Amino acid sequence: MAQLNMIEAIRDALDVKMSQDSDVLVFGEDVGYFGGVFRCTAGLQEKHGLHRCFDTPISEGGIIGIAVGMAANGLRPVPEIQFADYIYPAYDQIASEAARLRYRSNGDFTAPITIRTPVGGGIYGGTTHSQSPEALFTHIAGLKTVIPSNPYDAKGLLIAAIEDNDPVLFLEPKRLYNGPFSGDPHAPAKNWTGNELGEVPEGHYTVELGEARMISEGDDVTILAYGTMVWVAKAVTEEMGVNADILDLRSLLPYDLESITNSVNKTGRCVILHEATRTSGFGAELSALVQEHCFYALEAPVQRVTGWDTPYPHAQEWAYFPGPKRVRLAISSVMETA
Amino acid sequence: MAQLNMIEAIRDALDVKMSQDSDVLVFGEDVGYFGGVFRCTAGLQEKHGLHRCFDTPISEGGIIGIAVGMAANGLRPVPEIQFADYIYPAYDQIASEAARLRYRSNGDFTAPITIRTPVGGGIYGGTTHSQSPEALFTHIAGLKTVIPSNPYDAKGLLIAAIEDNDPVLFLEPKRLYNGPFSGDPHAPAKNWTGNELGEVPEGHYTVELGEARMISEGDDVTILAYGTMVWVAKAVTEEMGVNADILDLRSLLPYDLESITNSVNKTGRCVILHEATRTSGFGAELSALVQEHCFYALEAPVQRVTGWDTPYPHAQEWAYFPGPKRVRLAISSVMETA
Amino acid sequence: MARKPSNNRSRLHVPEPPFRPGDTPDYSHISVPADHTPVRPDPLCDPHETSEHALKLIRVLRFSGEAVGDWKPDLSAEQLRNALKSLMMTRAMDERMFNMQRQGKMSFYMKSTGEEAVSVGHAMALNNSDMIFPTYRQQGILIHRGASIKEMMCQCLSNAGDPLDGKSIPVLYSFKKHGFFSISGNLGTQLIQGVGWGMASAYKNSDEIASVFTGEGATAEGDFHYALNFASTYRAPCIINVVNNQWAISSFQGIAAGEGETFAARGTGYGLATLRVDGNDLLAVYAATKWAAERARNGGGATLIEHFTYRKAGHSTSDDPTKYRPENEPEVWPFGDPIERLKIHLIHLKEWDEARHEALAEECKTRIREIYKDAESMGNLAGDTQVNDYTMFEQVYEHAPDHIDAQRKMFEAESD
Amino acid sequence: MARKPSNNRSRLHVPEPPFRPGDTPDYSHISVPADHTPVRPDPLCDPHETSEHALKLIRVLRFSGEAVGDWKPDLSAEQLRNALKSLMMTRAMDERMFNMQRQGKMSFYMKSTGEEAVSVGHAMALNNSDMIFPTYRQQGILIHRGASIKEMMCQCLSNAGDPLDGKSIPVLYSFKKHGFFSISGNLGTQLIQGVGWGMASAYKNSDEIASVFTGEGATAEGDFHYALNFASTYRAPCIINVVNNQWAISSFQGIAAGEGETFAARGTGYGLATLRVDGNDLLAVYAATKWAAERARNGGGATLIEHFTYRKAGHSTSDDPTKYRPENEPEVWPFGDPIERLKIHLIHLKEWDEARHEALAEECKTRIREIYKDAESMGNLAGDTQVNDYTMFEQVYEHAPDHIDAQRKMFEAESD
Ligand SMILES: Cc1ncc(C[n+]2csc(CCOP(=O)(O)OP(=O)(O)O)c2C)c(N)n1
Ligand SMILES: Cc1ncc(C[n+]2csc(CCOP(=O)(O)OP(=O)(O)O)c2C)c(N)n1
Ligand SMILES: [Mg+2]
Ligand SMILES: [Mg+2]
């Protein structure tokens, strides 16, 4: 068992799979010699060779395009998109091709690809280094979308994603790379040391895609969160002294409906958190699911706490980010009512 | 007042604006001499000249890219994407560029563009000629998304979209081009003649973006629909003898929250219809909004009737399409409960 | 019939085709190069040695039937007759399917009439294990590789015999067993996928190459650029084929190309080998493909081949070509018909005659009619497709997640 | 320090730069062409006449300071001193801002060190009403066009003086009044937009042209292809500039290009005019731009210019270049420094001397320091940006729709 941060855990997952399976290839912008702008692939080229971990042209569409072709030819490519904000040139290759290949060929060809990409704000990245576009992918049948919130899950989910025979979008909350984040930018930065989810087993293990993790248990309210917001939820509920079920969804598609409904049926109250823009965010789907399945248990309207319906501004980072104040207001309001 | 089908109404709107304003340019694949694969631009090149209505290379990204540049240089481009299923190569230019230009330049540059594209199924178009990707655009701050369900609105909304100083995605339900559609493929096809919404005034008029239309009024249930599903809702409620508020949303972003909440607060029951894939569809946002704003008025869970979470199959067209049976079941269930 | 608008009224240049409906097409300005076919360089030459080839036209077959020049391949009469049969079977199938679509038996169809030699000549020059990333106009490759025509027809009919269970629209075949990649309805996307397939082959130290196709119109998609660029960077073992059949639905090739350059020339600036070939000349297509395959298989990297041909029929069953080009343009197109040209060649070789040709034509027609009848008996759109609706929930993922299972149950409920 | 891995262990070819950290870079194989600068054709020539130019290198300034050849422009000493000042102001500003970022005053910064002549030489050759679609390394254009350096700095500081109200990250300027388009954080996207801007200009019968920029790395995006293709089809009045500074963050130019061809050569196959120019030679950049502008303004269509230069600093404040290339590579790069080369030229002309140069350097430094002080007083990230948070709700749309108003109220509530 080692103490790893999320970058190291991701690198470790890649290393484990590359060592086990020569069909696993890692590529993307600056991932080769340099090891990636967030260092997630550092050392992999040196260890596994230039042909297994290499730089690509700056062409997200091309990167996913070759991945589809390689996958159809028996490999398990793990391409990186440098920032999720730059994934859109690859949108067609992901949504029309990778996600559809199995269906349109009725299983004749498949695309087992794992697309890694950093998401979310909190690092003054502004409009084009802070986006959380998960909802643009959860609408795509044929694709899976996962997002870890800690080193343990990051490694286990990434290995599971690589071994999955369908394309998986693997979102990495960049604000969590080096430590959990309470949502308060003025508090001293934490690292993963001392956090039990920073304890990462060596070698191979998986975390099943589609299963949520219970971060804390309580009867007062259910909080559905993923990525960075998991830690904001934890900090706020602890500070408020609220007994909350905090569910870290981990996998957005497929989603863990059973855990969600069990919890909401118990608490009768639900707050959904995400960094992404509100309208048509993944919170909308969660809200719809909760009221469809727990209607008679609900004691207050399901609340969404999200980023605003604006691009992610630079100087106003903390006014945009759904931080502790916004979360606290929502929890209070959902607990006050009825 | 003329009796027009939706193709003619759209063409008329383009003609009105091109005649009024030399800054309005129409372009896209096959839109020029040929007049578009659905004939929406027929005759415009002949009337207004080769430089005002012209063919482009098959490059959706390029089409929207030049539109952004032209708009920044004072024009009002009205590009066509031949099928919404082919809009993804332009996704980056729409979401990262057209929708963000005003914000990132703080109003220094703007992108008044209207992107027209046919959506929806019902014509045996299969996976790549039937999609309804609206939810991938309602998540994009800075963009507006509208979708008419009849010739009158089509013309008025399109003129309003072209005159709007922000980018608008204008979705055209292709199954409605020639007539309203009850959802029953075996019933004789109707045309727009005799439908009062097929009566289209000559010349200039607008339908404001952001306002829903009440298609029918009733106290039993609220049905939120848009595009093709408006007519399915109408046929089913009439057949069932249900007194429904059928709201044709017309504009998805911005949406008409007031009309929605007024109606649901009155009826206490709500069914949401769309053709698109269910998970993270626009129905999720509507469902979330309804329960956030009408929680205490709701007497039954809000129901969504949608396409399945699969690509749009070809032979199974009518098994996939959210037709009368699926709509009827949902209405019954929402009306039975509590 | 709408007439050509007067012209631009501003300095914005919009290209126009030379002829529109009502015009008398005259292609005498397109010289059919008889003798200046460029030389055949070594397949492992420096790519710059082929930059002239991008501007010229490789031809082998004279209209007289003679095969001449550097590129003349060594094919037996048997192989040539085989090729002729593939061409004619393809044409016969297209003909039949088009007519059956008109009768409502299927939703849609696309012919490859006039371009059959591109597919068949290409298929002859490759191994069956080389993976083709085709467009919807390479049915000739499947036929030449011996795919089941009945299965192809059942795919178009979306019936019980359709290997795709009716999921895809007609013509979007997938035949992995014949090295024929699943065709996407989205233009261009497969080009870069094919390059990736080739990279994987190189990575695995395998000898298989990829051959990717696009129409000239779809070269404007970003994927075409990705394909050329990645193929160049990683020296991917592949062939990138542009089938320039002059038309992209109603748009003439000048909309895609601009008016200054050939499509083959696109490759020059990426450091790729480039060939431009008379696509109605099966021997030339074969020879060019052979060259490119040899280059790719031996580590020379990708070749961009422009196949210069003409789309004789409409784009698909959905359009009427006389609405945007002169009715007789296909006939006056100066490069002849690929079947006719191969036939004349075989006759010139004294390996064929008119009688045998007519007999073969009849045989193809009959055979196709029989297969079609057999295929149609498994269902069609005018009657009942006999496809099980529940198959629509399959193959979205390897294993259906809960939400899809739930929807399957909802469908069951509404189907009662 | 990680060493170069042994090499490919399969047939998959992955290009590698000639030198990595620990290597002694030796660029003696890159010959600096002294005499074989290609001739200057008529700006309205057939594009084929420039295909050789895509492979050569236009140079005017010898290292001795002499200006020679066909392309030698006619610039007064006054203009040259002005250019020198713009170069030096740009460098001084970059230096200052980089250091201030290190002190936490702003989140990020990007220098253009070593490439200043590309921007300044280009700006000199255009009219201020010509619209530039820049990348984040063309700050020299703004400075030469006389934009307010204080406003530029305030943009980087995201403070009360920022015309963008803190919405964008540093360096992503927008200055419509100086013909400088809003810079996108998304690479490549603006290339095709610039072509559209030029098309609109042609449509309006206006004389203004567009000039679009990309780094060599970002040429791999689809937008680059769109730009070349649409510019060719519609003969858009524009200049497409590829600044080849050898590096794209940590990736050497061979990843983007493959190893066989120049970036300028990409244009040949699209039928565009193509020039390749020594980007560290301000006179050559000026001359090439003038040529391309004349061509575009007179209906000759677009020119693709590759500016061959070197990125002396890191990619941005976020990376350390010694992690992926030899520390002294910038010094041994054989094309010298653009400021030094212009200085020597002016001295050669007897219009300048070392003392004046030092004085100017000092003046630039002081001036920049003063402006910076002034700018910083309006707020910075280390202290308080003084940007009103509520501005984040503005300019999403022309008029805020209800849902944004509602969110503004929610924000008000949480801000209490
Ligand atoms: C991305 C995308 N855009 C548009 C279309 C619609 N479309 C189908 S075929 C076609 C024309 C293609 O022309 P070309 O590439 O020349 O091939 P050809 O049909 O001539 O063989 C168009 C525009 C599509 N299928 N995919
Ligand atoms: C679409 C997109 N992909 C990736 C990035 C991340 N990125 C920013 S700059 C850069 C390198 C660009 O290199 P080049 O085009 O050569 O320009 P240079 O920085 O050398 O001026 C990358 C990969 C981005 N901003 N946008
Ligand atoms: Mg074509
Ligand atoms: Mg660069």
Side-chain angles (χ1 to χ4, degrees), chain A residues 22-23 25 27 51-52 54-75 77 79 89-90 92-93 95-112 141-144 164-167 209-210 251 253-258 289, chain C residues 131 133 162-168 172-177 180-186 188-204 206 208 210 212 221-223 225-227 229-230 232-234 236 238 391-392 394-404 406:
Chain A
S22 68
D23 290 340
L25 256 55
F27 48 88
H51 61 164
R52 301 219 33 216
F54 54 85
D55 292 335
T56 60
I58 303 174
S59 170
E60 293 75 14
I63 292 168
I64 306 304
I66 59 165
V68 173
M70 288 174 165
N73 198 355
L75 304 186
D92 191 41
Q93 283 288 344
S96 307
E97 298 294 322
R100 300 272 192 262
L101 181 57
R102 175 189 289 280
Y103 196 76
R104 78 165 196 250
S105 73
N106 209 21
D108 202 23
F109 294 92
T110 59
L143 186 68
K144 298 184 176 181
D164 198 282
N165 286 328
D166 287 305
L209 309 186
S251 173
L253 191 71
Y255 47 79
D256 185 349
L257 184 61
E258 198 182 326
L289 286 172
Chain C
M131 183 63 78
F133 289 74
D162 173 8
L164 307 185
D165 282 335
K167 288 192 168 83
S168 283
L172 300 193
Y173 307 113
S174 176
F175 282 99
K176 191 175 186 177
K177 63 182 168 199
F180 196 88
F181 192 71
S182 156
I183 306 174
S184 176
N186 301 68
T189 50
Q190 295 171 208
L191 298 168
I192 178 67
Q193 294 168 13
V195 172
W197 197 99
M199 289 173 68
S201 190
Y203 170 76
K204 297 193 279 186
S206 143
E208 289 157 3
V212 307
E221 294 288 359
D223 303 284
H225 173 58
Y226 307 154
N229 202 2
F230 281 69
S232 167
T233 294
Y234 302 108
C238 62
T391 53
M392 77 179 155
E394 288 163 16
Q395 301 291 352
V396 182
Y397 300 91
E398 185 182 25
H399 308 292
D402 292 349
H403 69 283
I404 294 189

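Reminder, nothing fancy here: chain letters follow the sequence lines and each chain counts from 1. These figures come from a predicted structure and were not determined experimentally.
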### Query
Which atoms of S184(C) come close to chain A, meaning under 4.5 Å heavy atom to heavy atom: side chain ones, backbone ones, both, or neither?
both

#### Entry: Partner chain C: residue of L289(A), D164(A), L143(A) with the largest heavy-atom pair count (under 4.5 Å)
L143(A)

### Message
I'd like to verify something: which residue of E208(C), K204(C), Q190(C) has the highest number of heavy-atom pairs under 4.5 Å with chain A?
### Response
K204(C)

### Query
Does any heavy atom of chain A fall under 4.5 Å from the side chain of F230(C), the backbone, both, or neither of them?
side chain

### S201(C) versus chain A, the contacting section by heavy-atom distance below 4.5 Å
both

### Query
Between L209(A) and chain C, which part of the residue has a heavy atom less than 4.5 Å away: side chain, backbone, both or neither?
neither

### Query
More than 12 heavy atoms of other residues, nucleotides or ligands under 6.0 Å from CD of E398(C): is that the case?
yes

### Task
Could you look at D166(A) and say if it's the side chain, the backbone, both or neither that has a heavy atom under 4.5 Å from chain C?
side chain

### Query
When rounded to the nearest 0.5 angstrom, what is the spacing between CZ in R104(A) and NZ in K167(C)?
13.0 Å

### Query
Side chain, backbone, both or neither: which part of D55(A) has a non-hydrogen atom closer than 4.5 Å to chain C?
backbone

#### Entry: Per-residue contact mode, S22(A) against chain C (heavy atom under 4.5 angstrom)
both

### Euclidean distance, L101(A) CG relative to S96(A) OG, rounded to 0.5 Å
12.0 Å

### Query
Are there more than 12 heavy atoms of other residues, nucleotides or ligands under 6.0 Å from atom CG of D402(C)?
no

### Heavy-atom contact with chain C under 4.5 Å, split by part of D108(A)
both

### Query
What are the two closest heavy atoms between F133(C) and A210(C), and how far apart are they?
CE1-CB, 4.1 Å

### Between R52(A), R100(A), E97(A), the one whose heavy-atom pairs under 4.5 Å with chain C are most numerous
E97(A)

### Proximity breakdown for L25(A) and chain C, heavy-atom pairs closer than 4.5 Å
side chain

### Structural part of L75(A) lying under 4.5 Å from a heavy atom of chain C
side chain

#### Entry: Under 4.5 Å from a heavy atom of chain A, the part of I404(C) involved
neither

### Query
Can you say whether S168(C) sits under 4.5 Å from chain A via the side chain, the backbone, both, or neither, judging by heavy atoms?
side chain

### Query
Do Q193(C) and Q93(A) have side-chain atoms, one donor and one acceptor, less than 3.5 Å apart?
yes

### Query
What part of M131(C) is in contact with chain A, defined as an atom under 4.5 angstrom from a non-hydrogen atom: side chain, backbone, both or neither?
side chain

### Summary
CG (L164(C)) and OH (Y173(C)) are apart, to the nearest 0.5 Å, by 10.5 Å

### Task
Return the orientation label for the F175(C) and F180(C) ring planes: parallel under 30°, perpendicular over 60°, tilted otherwise.
perpendicular

### Message
As an exercise, state the distance from CE of M199(C) to CG of N73(A), rounded to the nearest 0.5 Å.
### Response
11.5 Å

### Task
Under the side chain to side chain donor-acceptor pair (under 3.5 Å) rule, what do N186(C) and E221(C) come out as? Steps first, then yes or no, please.
CA-CA 10 Å; N186(C) 301 68; E221(C) 294 288 359; over 6 Å; no

### Message
Counting heavy-atom pairs closer than 4.5 Å to chain C, which one of P254(A), G74(A), P167(A), G107(A) comes out on top?
### Response
G107(A)

#### Entry: Any side-chain donor near an acceptor of the partner, D165(C) and T391(C), under 3.5 Å
no

